[in-house]
Amino acid sequence: MNSSIGQGNQAASIIRLDRVSLRYNRSPEVFSDVSLSLAPQSFTFLTGPSGAGKSTLLKLIYLALAPTRGLVEIFGHDSQAISRASRQDLKSRIGVVSQDFALIPHLTVFENATLPLRAVGRKQTSYETDAKELLSWVGLGERLDALPPTLSGGEAQRVAIARAVMNQPDILIADEPTGNVDPEMGQKLLRLFTEMNRTGTTVLIATHDAGLLKGIDADLLQIKSGAVRQGSAL
Amino acid sequence: MNTPKPTPILPPGQPEERPLFVIMTIMAFLAALTLMATLLGMRQSQSWQNDLKSAATLQIFTKSGDTNESELNKAIQLLEATSGITSIDVVSDQESRALIRPWIGNLDLPTDIDMPSLIRLNIDRGKFDASALAGTLQAEGLITELDDHAQWSQNLSHTWGRVRLALLSLLTLMIVSTIAIASFATQSVLRSRKNIINVLGQVGASDHYIARLFVNRFMSLGFKAAITGVVLAIIFAVIFLLWQNAGTDNTGLKLSLKVSDIIWLLLLAIILGGISALTAGRNTLSTIRKLPRS
């Protein structure tokens, strides 16, 4: 098991949360003293019922939220102690598939998917062929020029996934990545994630679909009532 | 492979940018008019001051109340012998009476009004000594009044100085207003583009990359608005000057735009466009840096 909960395999951790708490303004804490760590090149499922806080925990990990207290360490860096520029550098090494897909509505499928490359100044000619190949692989080869408002939920989700893996990130974090696709495409996407994991990417997937876990040799984080536990023992 | 030009990450021509374009155009229009008024006024003032500096007027009053040719000739002889006078022009009686027509209209002057003989002098102010000449004329028994326009020139200089200060203050105020408008508009557009900023931040775009997108957008918008405003102001000014110069007033004022004025106006457009870009960049970076530290 590559995930260790509540203890520090610090040197080997690519993601480490130590006694992290989060609250919004004066509301009760969403999380309290959560600690976990993920080893490099691990493949982990984050499970729990709807509303348990899976998405919030992922946002803390991919630096979209800051903890109220505690340490969030990514690639060995305390995310709150580094400069904004360094944090942006770290973010560019994390591929994220959020539940709302976060596509830019006036950009085409191709342009949305290749945004991480464009944002770091890569020329389109340097990635066009590979990007089209990836988009074809996720079933969007005929939809390259389509705009997000014309896409189905499943198509939008696949664009978000393609964007997340486009620059071959060191960490891939996906929030319910198969929630809007048919089972066949779901399995295909899982193969993409496992393939990326085999080539060195650390993968963390949040899901409430127990069926997704079958047949994959992965670690497990369970979240319930603001607490995070290893395995099924809550 | 023929690669199409990528779509701009910030969508162009959005409805919330149109009011900004209109306001920036109006500000550029007003600023250009103010600048033109300053330039025209400065040139006219300079022209008037140059005229005054190279001219003097001598009035010769006669003791008997009639024009005395011998006194006039005597004065001309003295003037011809005075250094610093480059030309002497005796104003005819008819011309002298025409000079006071603006005050009395078309009425005939009563014949018993004493009209002094009037002589216009072109002078080289470096060599001309007004007080020495006045002394010489007095010593020769002539009753004269010599006006070298120094007081006029000084008054004109002071008045123009105040007007110029007011116009430049107005121009500064407009530029400051443009900065405030650009700042307000940037905030508004940033709010409406928050989703794009979030996505860019998530895919690892640097703050400067995001700011550059807004700088380019506002620079383009600012330049378009500034050029539009300046061109409209030039058209307005040309129509106004044609109308003014075709007038039949007695001021003899003839105003015109010069190539140097157009260069100043283009410079103004560049400054306004640059202000928009700089304000956008500063505001964008400031706003992004105020986003939750995540």
Side-chain angles (χ1 to χ4, degrees), chain A residues 24 59-67 72 79-98 100-108 110-121 123-129 132 144-145 147 160 163-164 166-167 169 173, chain B residues 1-18 20-21 186 188-221 280-294:
Chain A
Y24 297 109
K59 283 179 182 173
L60 280 168
I61 294 172
Y62 64 73
L63 309 179
L65 283 177
V72 176
S79 66
Q80 298 306 295
I82 56 176
S83 66
R84 275 190 67 85
S86 301
R87 199 176 304 113
Q88 288 307 106
D89 282 344
L90 296 187
K91 280 184 173 183
S92 69
R93 297 169 63 189
I94 305 172
V96 175
V97 184
S98 59
D100 62 0
F101 315 138
L103 303 180
I104 297 178
H106 71 279
L107 298 185
T108 64
F110 177 83
E111 289 167 337
N112 265 292
T114 56
L115 198 57
L117 304 174
R118 189 174 169 183
V120 293
K123 295 282 180 202
Q124 188 174 321
T125 47
S126 72
Y127 56 73
E128 189 165 9
T129 306
K132 285 180 176 172
L144 295 178
D145 295 324
L147 294 174
R163 183 180 63 193
M166 187 61 72
N167 62 348
I173 295 174
Chain B
M1 191 180 293
N2 187 17
T3 305
K5 198 177 173 188
T7 311
I9 292 176
L10 293 179
Q14 291 298 289
E16 62 268 23
E17 291 175 12
R18 285 177 205 148
L20 171 65
F21 179 80
T186 312
S188 169
V189 172
L190 279 170
R191 274 195 294 276
S192 69
R193 300 279 175 271
K194 196 177 168 193
N195 60 331
I196 294 178
I197 294 172
N198 286 339
V199 173
L200 287 170
Q202 195 51 60
V203 299
S206 68
D207 291 348
H208 283 96
Y209 178 87
I210 298 170
R212 203 160 50 240
L213 295 176
F214 284 89
V215 167
N216 290 342
R217 166 57 48 81
F218 276 87
M219 187 154 57
S220 160
L221 194 146
R282 197 174 141 272
N283 269 287
T284 306
L285 278 176
S286 163
T287 302
I288 293 171
R289 285 170 179 162
K290 280 180 199 158
L291 289 176
R293 188 177 168 80
S294 56

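The sequence lines fix the lettering, A, B, ..., with proteins before strands; numbering per chain opens at 1.
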Undergrad: Hey, is the main chain of A:K91 close enough, under 3.5 Å, to the side chain of B:Q202 for a donor-acceptor pair?
TA: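 Answer holds: no.
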Undergrad: Relative to chain B, which segment of A:F110 carries a heavy atom at a distance below 4.5 Å: side chain, backbone, both, or neither?
TA: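 Contact with chain B is absent: no heavy atom of A:F110 under 4.5 Å.
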Undergrad: Just jot down the side-chain contact (heavy atoms from CB on, under 4.5 Å) partners of B:R18, sequence neighbours excluded, or say none.
TA: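 With neighbours one apart ignored, the set is B:P15.
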Undergrad: Pick one of side chain, backbone, both or neither for B:I210, based on which atoms fall under 4.5 Å of a heavy atom in chain A.
TA: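 B:I210 has no heavy atom closer than 4.5 Å to chain A.
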Undergrad: How long is the straight-line distance from CD1 of A:I104 back to OG1 of B:T7, given to the nearest 0.5 Å?
TA: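 Rounded to the nearest 0.5 Å, the OG1-CD1 separation comes to 10.5 Å.
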Undergrad: Calculate, to the nearest 0.5 Å, the distance between atoms NZ and CD belonging to B:K5 and A:Q124 respectively.
TA: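 Separation between the atoms: 12.5 Å.
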Undergrad: So, for A:L107 and B:P8, which heavy atoms are closest and what is the spacing to 0.1 Å?
TA: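 Result for this residue pair: CD2-O, 3.7 Å.
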Undergrad: Can you list the residues that meet the salt bridge (charged side-chain N to carboxylate O under 4.0 Å, His left out) rule with A:R118, with sequence neighbours excluded?
TA: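 So A:R118 forms no salt bridge (charged side-chain N to carboxylate O under 4.0 Å, His left out) with any residue.
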Undergrad: Identify the heavy atoms of B:N195 and A:P105 that sit nearest to each other, and give their distance.
TA: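 Nearest pair, atom of B:N195 first, then A:P105: ND2-CD, 4.3 Å.
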Undergrad: Tell me, side chain or backbone of A:A85 under 4.5 Å from chain B's heavy atoms, or both, or neither?
TA: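 Neither part, no heavy atoms under 4.5 Å.
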Undergrad: Looking at side-chain heavy atoms only, is the closest gap between A:N112 and B:V199 below 4.5 Å?
TA: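 A side-chain contact under 4.5 Å is absent here.
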Undergrad: Mind listing the closest non-hydrogen atom pair of A:H106 and B:P11 along with its distance?
TA: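 A:H106 and B:P11 have their closest heavy atoms at CE1-CD, 3.2 Å.
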